[in-house]
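Okay, structure first, notes after.
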Amino acid sequence: MSTMNTAGAGQVHVVDHPLVQHKLTLMRQKDRSTNSFRRLLGEISMLMAYEVTRDMPTRMIEIETPLETMQSPVIEGRKTVFVVVMRAGSGFLDGMLEVVPGARVGHIGLYRDPKTLVAVEYYFKMPGDMHERDAIVLDPMLATGNSAAAAVERLKETRPRSIRFVSLLAAPEGLKHFHEAHPDVPVYTAAIDRQLNEHGYIVPGLGDAGDRMFGTK
Ligand SMILES: O=P(O)(O)OC[C@H]1O[C@H](OP(=O)(O)OP(=O)(O)O)[C@H](O)[C@@H]1O
Ligand SMILES: O=c1cc[nH]c(=O)[nH]1
Ligand SMILES: [Mg+2]
């Protein structure tokens, strides 16, 4: 994993593991089936979960091995909340839950107005006790950054203990915008692509993640 700072001084971690990069290449291919696209996203999410949870807090418990008693670490999974940005963020959820099965899950419904590219909220549901939880926001695409910035702004109203944002692909313009709004929130992504096109799509990109996941084009 390589780490850098964006212009706004926020941190970006690029998960450059060969397995992630290989699967991302397959996902970008325009003839990839919906089924295969969804499966690959699930596989990548599990691999990215390892990186995003690398510094997760643990506590020691006493266990008995077949030979003796020892103190050994366990993660505080119940203190994590995965926040799915619908729709496409749901593709990241199952893999993350495989790795942190005790986590809670919140949902934010946002769609990007195709003309103005402004994020419009239609749903918001979080667990209680957010102030005791570390939030990991899931959305595969960070394009203009409007959706990511809006999701995190809304999430901050619930005062989670910490926030990090996981995407699959990010555009440089979107990262800059996001970190100007939220310099305190690190971003984990598998790749930073060249730029946005005139419709606000990431290029080279992979197209519309939600449509490709659900076959709704
Ligand atoms: O950085 P932005 O310019 O805001 O674009 C990124 C957003 O666009 C996609 O969602 P979309 O609005 O297409 O909704 P969907 O997930 O329901 O398809 C994607 O999942 C992000 O939420
Ligand atoms: O390239 C993009 C931009 C926004 N949303 C997507 O799904 N893809
Ligand atoms: Mg969205």
Side-chain angles (χ1 to χ4, degrees), residues 6-8 10 12 14 23-34 36-38 40-42 44-45 48 82-96 105-126 135-156 163-183 185-217:
T6 44
V12 185
V14 179
K23 291 175 194 300
L24 173 58
T25 298
L26 301 183
M27 289 183 74
R28 288 181 187 273
Q29 292 171 322
K30 65 176 187 197
D31 294 329
R32 177 106 353 235
S33 70
T34 301
S36 172
F37 186 90
R38 212 169 30 224
L40 287 161
L41 183 59
I44 289 180
S45 67
M48 291 190 70
F82 291 121
V83 177
V84 173
V85 180
M86 291 146 66
R87 287 176 302 170
S90 63
F92 260 158
L93 181 63
D94 287 353
M96 296 278 165
V105 181
H107 287 83
I108 302 182
L110 286 181
Y111 70 87
R112 191 171 86 140
D113 183 288
K115 285 214 171 65
T116 62
L117 303 183
V118 168
V120 182
E121 183 181 312
Y122 59 87
Y123 189 74
F124 187 84
K125 184 80 180 174
M126 293 299 136
I136 301 178
V137 186
L138 310 175
D139 189 340
M141 307 306 276
L142 197 158
T144 63
N146 288 343
S147 302
V152 168
E153 190 176 322
R154 188 72 168 84
L155 183 62
K156 280 182 174 175
I163 305 179
R164 46 192 78 186
F165 193 95
V166 187
S167 76
L168 178 67
L169 279 189
E173 302 91 321
L175 283 172
K176 182 168 179 293
H177 171 62
F178 179 77
H179 272 147
E180 278 165 5
H182 303 291
V185 178
V187 174
Y188 293 75
T189 189
I192 302 172
D193 272 11
R194 193 177 67 244
Q195 64 187 96
L196 295 177
N197 72 9
E198 64 276 24
H199 305 293
Y201 275 84
I202 300 172
V203 284
L206 52 72
D208 189 301
D211 284 341
R212 293 197 64 192
M213 275 177 62
F214 297 114
T216 46
K217 191 91 192 151

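Note that ligands are numbered from 1 as they come in the structure, with each ligand's atoms numbered from 1 the same way.
- Listed by number with element, the atoms of ligand 1 under 4.0 Å from a non-hydrogen atom of D139 are 19 (C), 20 (O), 21 (C), 22 (O).
- The distance from atom CG of L175 to atom CD of E180, rounded to the nearest 0.5 Å, is 11.0 Å.
- Taking a 4.0 Å cut-off on heavy atoms, L117 fails to register as neighbouring ligand 1.
- The shortest N/O to N/O separation between Y122 and ligand 1 does not fall below 3.5 Å.
- Every atom of ligand 1 with a heavy atom of N146 under 4.0 Å away is listed here by number and element: 1 (O), 4 (O).
- Residue A88 has at least one heavy-atom neighbour below 4.0 Å for each of these atoms of ligand 1: 16 (O), 20 (O).
- Protein heavy atom in closest approach to atom 2 (C) of ligand 2: Y201 CD2, 3.3 Å.
- Within the model, atoms NZ of K23 and OG1 of T25 stand 11.0 Å from one another, a figure rounded to the nearest 0.5 Å.
- Here CZ of F165 is found 9.0 Å from OG1 of T189. Values are rounded to the nearest 0.5 Å.
- Heavy atoms of R112 come nearer than 4.0 angstrom to ligand 2 in at least one pair.
- Close contacts of ligand 2 with A209, meaning ligand atoms under 4.0 Å from a residue heavy atom, involve 6 (C), 7 (O).
- By heavy-atom distance, the residue among H199, E173, R112, M213 lying nearest atom 12 (O) of ligand 1 is R112.
- F124 carries R154 over the face of its six-membered ring, with the cationic atom under 6.0 Å from the centre and within 45° of the normal.
- Nearest protein neighbour of atom 3 (C) of ligand 2, counting heavy atoms only, is A143 CB, 3.5 Å.
- Atom CG of L169 and atom CG of D139 lie 11.0 Å apart (nearest 0.5 Å).
- Residues satisfying the side chain to side chain contact (heavy atoms under 4.5 Å, CB included) criterion with A151, sequence neighbours excluded, are V85, I108, L110.
- Rounding to the nearest 0.5 angstrom, the gap separating the CD1 atom in I202 from the CZ atom in R28 is 9.0 Å.
- Shown in contact with T144 at under 4.0 Å from a heavy atom are these atoms of ligand 1, numbered in order with element: 1 (O), 2 (P), 3 (O), 4 (O).
- Looking only at atom types and distance, the side chain of T216 has a donor-acceptor partner in the side chain of D211 under 3.5 Å away.
- Not one N or O of P140 is nearer than 3.5 Å to an N or O of ligand 1, by distance alone.
- Annotation for ligand 1: atoms under 4.0 Å from non-hydrogen atoms of M86 are 16 (O).
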Verdict with reasoning, F214 to S90, per side chain to side chain contact (heavy atoms under 4.5 Å, CB included): CA-CA 11 Å; F214 297 114; S90 63; 3.6 Å; yes
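- Shortest non-hydrogen contact noted between M48 and V166 is CE-CG1, 3.8 Å.
- Under a cut-off of 6.0 angstrom, the local environment of CD in Q195 is crowded, with over 12 non-hydrogen atoms contributed by other residues, nucleotides or ligands.
- Every atom of ligand 1 is numbered from 1 in the order shown, and the set under 4.0 Å from a heavy atom of Y111 is 12 (O).
- In summary, the atoms of ligand 2 found under 4.0 Å from a heavy atom of I202, numbered by their order in the structure, are 1 (O), 2 (C).
- The residue from G200, A88, G207 that puts a heavy atom closest to atom 8 (N) of ligand 2 is G207.
- Considering each of A171, A151, G91, A143, the one bringing a non-hydrogen atom nearest atom 1 (O) of ligand 1 is A143.
- Under a 4.0 angstrom heavy-atom cut-off, G145 registers as being in contact with ligand 1.
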Verdict with reasoning, F92 to L41, per side chain to side chain contact (heavy atoms under 4.5 Å, CB included): CA-CA 7 Å; F92 260 158; L41 183 59; 3.7 Å; yes
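- Below 4.0 Å from some heavy atom of M141 lie the following atoms of ligand 1, by number and element: 6 (C), 19 (C), 21 (C).
- Every N/O-N/O distance between V85 and ligand 1 stays at or above 3.5 Å.
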